[in-house]
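Structure first, commentary second.
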Amino acid sequence: MRVLITGAARAIGAATAAVLTARGHEVVATARDVGLLASVEASQRLVLDVGDSGSIRAALDRAGELDAVVNNAALNGRGPLEDFPIDRLVDLFDTNCLGPLRVVQAVAPAWRARGSGVIVNVSSVQGRVATPLEGPYSATKHALEALSETMHYELSHFGIRTVIVEPGYTAPAMKSLPQHPGPVAYAELWDQWAGVDATLSGPGGRPGPEVVGAAIADAIEDPSTPLRVPVGEDAQLVFAARQQLTDAEFEAAMRATLGLTW
């Protein structure tokens, strides 16, 4: 299969390119800076800015016919919502939510006419469970999951599959905008939240991105893949708890597990 990956320069994107290439697929690796793709395993490397429809169209013209796209390009943003800059939030939504939609809108007409295609949208555990200080990023991933679920209902009729991959904490961490500390009143919350990564990842630390890459490759290859694919023990644990508990019970469990007194 011929698969285009956005945000392929590092971490999950680069790992996905490596897994797909090893399995014999043709990978079109893309990033805003093609120079960053030099070491990525791919059959073609192209400039693609998910915030620019013209850039997307130019990349797709050069890529040729595709069987699947992996919408991985994303930015992280952290800070209390009380005074989080709206312009930065708009940038996050533009990359993390509207970027994937732009790519899908560019490929969907031809795939609909052909009767096949696979869309893999890389979300996060934060796409279903929001947490303190991660609200800006979480909001974009919640929105991406909503769009993806609608894509599933609308496009599956035409033979186009949509899969949402939901990784937990992985290493290396994704590219992030500068952290927004907010008012000094939130300093204690920052201190308490600083140990969350270690608590959820356990003594072995974050798993590598190749785990997510394998899940993405499996989703592309297997037509029976469900709409949502959690990846990582932490994601599985959080989702299981969230499904079984009420809002108040889940909050209490989260506070107890993480030692959060805020």
Side-chain angles (χ1 to χ4, degrees), residues 1-48 50 59-60 62-76 96 99-100 103-104 107 111 116-127 141 144-145 148 160-175 201 204-236 239:
M1 299 176 74
R2 189 165 176 80
V3 183
L4 182 142
I5 305 171
T6 69
R10 63 186 299 277
I12 290 173
T16 302
V19 172
L20 287 169
T21 298
R23 295 190 186 186
H25 301 291
E26 292 184 355
V27 172
V28 181
T30 74
R32 286 190 294 181
D33 182 352
V34 73
L36 299 176
L37 298 169
S39 62
V40 175
E41 297 182 46
S43 59
Q44 190 176 14
R45 300 171 183 83
L46 299 173
V47 172
L48 190 156
V50 298
L60 293 177
R62 294 186 62 189
E65 189 169 359
L66 298 168
D67 298 295
V69 295
V70 179
N71 285 308
N72 173 67
L75 295 171
N76 199 357
N96 299 0
V103 173
V104 170
V107 300
W111 287 5
S116 66
V118 184
I119 300 161
V120 178
N121 289 333
V122 180
S123 180
S124 164
V125 65
Q126 292 273 0
K141 291 302 186 180
L144 177 62
E145 296 227 2
S148 300
I160 301 171
R161 291 196 294 120
T162 302
V163 178
I164 308 166
V165 173
E166 303 169 318
Y169 284 108
T170 58
M174 65 183 300
K175 184 177 180 181
S201 299
R206 295 186 179 206
E210 64 278 356
V211 176
V212 186
I216 292 171
D218 290 345
I220 291 171
E221 295 171 343
D222 184 359
S224 68
T225 302
L227 174 61
R228 287 181 168 87
V229 179
V231 183
E233 292 183 6
D234 55 339
Q236 299 277 3
F239 290 152

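This is a predicted model, so every value here is computed, not measured.
In this structure, Arg10 contributes its side chain and Leu36 its backbone to no donor-acceptor pair below 3.5 Å. Under a 3.5 Å cut-off, the side chain of Arg45 and the backbone N or O of Val40 do form a donor-acceptor pair.
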> Can Leu66 and Val28 be said to form a side chain to side chain contact (heavy atoms under 4.5 Å, CB included), step by step?
Replying inline: CA-CA 9 Å; Leu66 298 168; Val28 181; 4.2 Å; yes
> Under the side chain to side chain contact (heavy atoms under 4.5 Å, CB included) criterion, do Val19 and Ile216 qualify, and how do the steps go?
Replying inline: CA-CA 9 Å; Val19 172; Ile216 292 171; over 6 Å; no
>> Set out, in order, the CA-CA distance, both residues' side-chain angles and the distance that settles side chain to side chain contact (heavy atoms under 4.5 Å, CB included) for Phe239 and Arg228, then state yes or no.
In response: CA-CA 11 Å; Phe239 290 152; Arg228 287 181 168 87; over 6 Å; no
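Listed here is the closest heavy atom pair of Gly7 and Asn72: O-ND2, 2.9 Å. Across Ala215 and Val231, no two heavy atoms sit closer than the pair CB-CG2, 3.6 Å. Heavy atoms only, all atoms of each residue included: Trp111 and Ile160 are closest at CB-CD1, 3.6 Å. Leu48 approaches Ala59 most closely through the heavy-atom pair CD1-CB, 3.6 Å. Gly168 and Ala235 get closest at one heavy-atom pair: N-CB, 3.9 Å. Contact record, Leu144 with Val122: CD2-O, 3.6 Å, taken as the closest heavy-atom pair.
Of the residues Thr170, Val211, Val165, Val70, the one that meets the side chain to side chain contact (heavy atoms under 4.5 Å, CB included) test with Ile12 is Thr170.
For Ala31, the side-chain contact (heavy atoms from CB on, under 4.5 Å) partners at least two apart in sequence or on another chain are Ala9, Leu37. Here Ser224 pairs with Asp222 under the side chain to side chain donor-acceptor pair (under 3.5 Å) rule; sequence neighbours left out. Residues satisfying the side chain to side chain donor-acceptor pair (under 3.5 Å) test with Ser123, not counting sequence neighbours, are Glu145. With sequence neighbours excluded, the residues forming a side-chain contact (heavy atoms from CB on, under 4.5 Å) with Ala18 are Glu41, listed by chain and number. Judged as a side-chain contact (heavy atoms from CB on, under 4.5 Å), and not counting sequence neighbours, the contacts of Ser43 are Arg2, Glu26. For Asn121, the side chain to side chain donor-acceptor pair (under 3.5 Å) partners at least two apart in sequence or on another chain are Asn71, Ser148. Under the rule for a side chain to side chain donor-acceptor pair (under 3.5 Å), the partners of Asp218 that lie at least two apart in sequence or sit in another chain are Arg23. Legend: residues meeting side-chain contact (heavy atoms from CB on, under 4.5 Å) with Ala68, ordered by chain and number and at least two apart, are Val3, Val118, Ile220.
Here the straight-line distance linking atom CD of Gln126 with atom CG of Asn96 works out to 12.0 Å at 0.5 Å rounding. How far CG of Leu60 is from OG1 of Thr30: 9.0 Å, rounded to the nearest 0.5 Å. Put simply, CG on Asp67 and CD on Glu221 are 12.0 Å apart, with the number rounded to the nearest 0.5 Å. Ile164 CD1 to Leu227 CG: the interatomic distance, rounded to the nearest 0.5 Å, is 4.0 Å. Considering OG1 of Thr6 and CZ of Arg32, their distance stands at 11.0 Å, rounded to 0.5 Å.
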